[in-house]
2 protein chains.
Amino acid sequence: MTVAAYAVRMTTNADEPQPRPRRRAPAGAAVLREDVTEAIRAAVFEELAAVGYARMSIEGIARRAGVGKTAVYRRWRSKLHLVLDLVSAIAVQGLPAPDTGSLEGDLRLLYEVTSRALRHPVASQILPDLQAEAARNPDIAEALRKALREGQDGVAKGIVAAAETRGDLRPGTDHALALDLISGPLYWRSVVIRSPKLPKGYLGALARATAAALKAL
Amino acid sequence: MTVAAYAVRMTTNADEPQPRPRRRAPAGAAVLREDVTEAIRAAVFEELAAVGYARMSIEGIARRAGVGKTAVYRRWRSKLHLVLDLVSAIAVQGLPAPDTGSLEGDLRLLYEVTSRALRHPVASQILPDLQAEAARNPDIAEALRKALREGQDGVAKGIVAAAETRGDLRPGTDHALALDLISGPLYWRSVVIRSPKLPKGYLGALARATAAALKAL
DNA sequence: GGGCGTCGGAACGCAACCGTTTCGTCGTGA
DNA sequence: TCACGACGAAACGGTTGCGTTCCGACGCCC
């Protein structure tokens, strides 16, 4: 499941500080109930977006999920494990590599997907938060790095490689710099500047400019 | 005082969890003592880098600064006011606009300055943290936006304008997009990827590629 | 020279979480 | 049919920070 997918489901019940109506619904059996697990997962995303990793508490998660603390501790040993598990889960799903036949076309497609994911406030709230936390916690940093490598960065790498074999880029192109040029601007605009909406034609112009930059390497 | 300057001073005594030896040094007079104020300011930076805004506590700041909580509360009403004050103070000092006569040269100079500032771990730790917090707190967002406008973004804007009048860029250039192209990649590399060290020639190549991107707009 | 106000220190009551334990309930798989 | 174990709820003692209020010490400014 993608971040975006989580975000969509979340918008239905995010930001409810008060206790859920859910009343002691069904009780359990001798097996961890998947619906409870899922409720916790969703609650973590909501909580993460609402208060951030540092302020997030197990009690708060359980409260929001409408479950007992025990249900959480039965599954994860700590807040850290919980978040690492979620981030890793997101990292698993690889994005399909675009193949339009041209560098600019590939970039355009990548930007389309990326900007759609970043458009969800939840994603763009959680991302910088985990990113800041990563500066202090190597485990989070590693998980995030992995997620990035298998997502945005992986796709970008594929695009560069394809363009290189195609002859659109010089063979000696600095790949690391290329990835920075590709991923930087949209992240800056969406997450740092936090521009609410990208103007019409922005992604196209961005793709064109970036392609030009890469060819100048 | 710049972030970098703070960073330098900080490296001397950051990450000392234990109580300072400082023993009930001099007592005060009927005036706020500037050295105490400065000690608090420095402590806030250290604390911000060490634990982040969310986890930062007034008690922790006072402890680190070797002062009483009262000294802090006497100056600022809350953690938020304290941080806003600091961010604003940084925002005040404008960077000088580069003027090398060429777009690429100007960019190169800007990157030199920016990367030097971001090289300090303290700055690159504090930045994403405040940035994440800004997503939740409009006041912080505003302060950060202002600091950015008077810093990196302001300089970039000047560079674009100069290039435009010089004829290096087309008159109709999308300024917002131009700023994203200029600022995004280095931020991505330094703060998101957290690359410890930029390889030789990186900034030059980045400036060249970015200039090419801008000219393609 | 004296008073005002800051200094660090300590304590206040309050609140939130921590991680664990105990409890009665209850559904499911053997 | 029935025991196992997950369920929500509540409470445990401990820690941390909140924001405020005292306190005695001290020294700058009038």
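Every chain is numbered from 1 and lettered A, B, ... according to where its sequence line falls, protein lines coming before strand lines. The figures that follow rest on heavy atoms only: side chains count, while hydrogens, waters and symmetry mates do not.
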| Any idea which of dC7(D), dG17(D), dG8(C) is nearest the Ala71(B) side chain? | dG8(C)
| note | Side-chain contact check for Val36(A): nearest option of dC7(D), dC18(D), dG19(C) is dC7(D)
| query | Please give, in whole Å, the distance from dC7(C) C1' to Leu32(B) CG? | reply | 11 Å
| Nearest nucleotide by nearest heavy atom, which residue falls closer to the 5' end of DNA chain C, Arg74(A) or Arg77(A)? | Arg77(A)
| message | Taking Asp85(A) first and then Arg41(A), would you say they form a salt bridge - that is, a charged N and a carboxylate O separated by under 4.0 Å? | response | yes
| field | Arg194(B): partners by side-chain contact (heavy atoms from CB on, under 4.5 Å), with sequence neighbours left out | value | Gln131(A), Ala135(A), Ser124(B), Gln125(B), Pro128(B)
| task | Figure out the CD1/C1' separation between Ile58(A) and dA16(C), and round it to whole Å. | result | 14 Å
| query | Do NZ/NE/NH1/NH2 and the carboxylate oxygens of Lys146(B) and Glu142(B) come within less than 4.0 Å? | reply | no
| Expressed in angstrom and rounded to an integer, what is the separation of Ile40(A) atom CD1 from dG8(D) atom P? | 8 Å
| message | How many whole angstroms separate atom CZ of Arg75(B) from atom P of dG5(C)? | response | 15 Å
| Test side-chain contact (heavy atoms from CB on, under 4.5 Å) applied to Thr70(B) - qualifying residues, sequence neighbours left out | Arg74(B)
| Separation of dG17(D) P from Lys79(B) NZ (nearest whole Å) | 11 Å
| task | Scan for ring-ring contact (aromatic ring centres under 6.0 Å, His included) pairs involving residues 57-91 of chain B, sequence neighbours excluded, and state none if there are none. | result | none
| Taking the side chain of Ser57(B) as heavy atoms from C-beta outward, which of dC7(D), dG17(D), dG8(D) is closest to it? | dG17(D)
| query | Taking CH2 from Trp76(B) and C1' from dC18(D), how many angstroms apart are they, rounded to a whole number? | reply | 19 Å
| Separation of Arg63(B) atom CZ from dC18(D) atom C1', in whole Å? | 13 Å
| task | Can you tell me the distance, in whole Å, between the CD atom of Glu34(B) and the P atom of dT6(C)? | result | 14 Å
Using the 3.5 Å cut-off, write out each protein N or O paired with an N or O of nucleotides 10-12 of chain C and the distance between them.
none

| In chain order, what residues pass the side-chain hydrogen bond (donor to acceptor under 3.5 Å, both in side chains) check against Asp129(A), with sequence neighbours excluded? | Arg136(B)
| Between dT20(D), dC7(D), dG19(C), which nucleotide has the shortest distance from any of its atoms to the side chain of Tyr73(B)? | dT20(D)
| field | Non-neighbouring partners of Ser115(B) that pass side-chain contact (heavy atoms from CB on, under 4.5 Å), sequence neighbours left out | value | Arg119(B), Leu186(B), Leu198(B), Leu203(B)
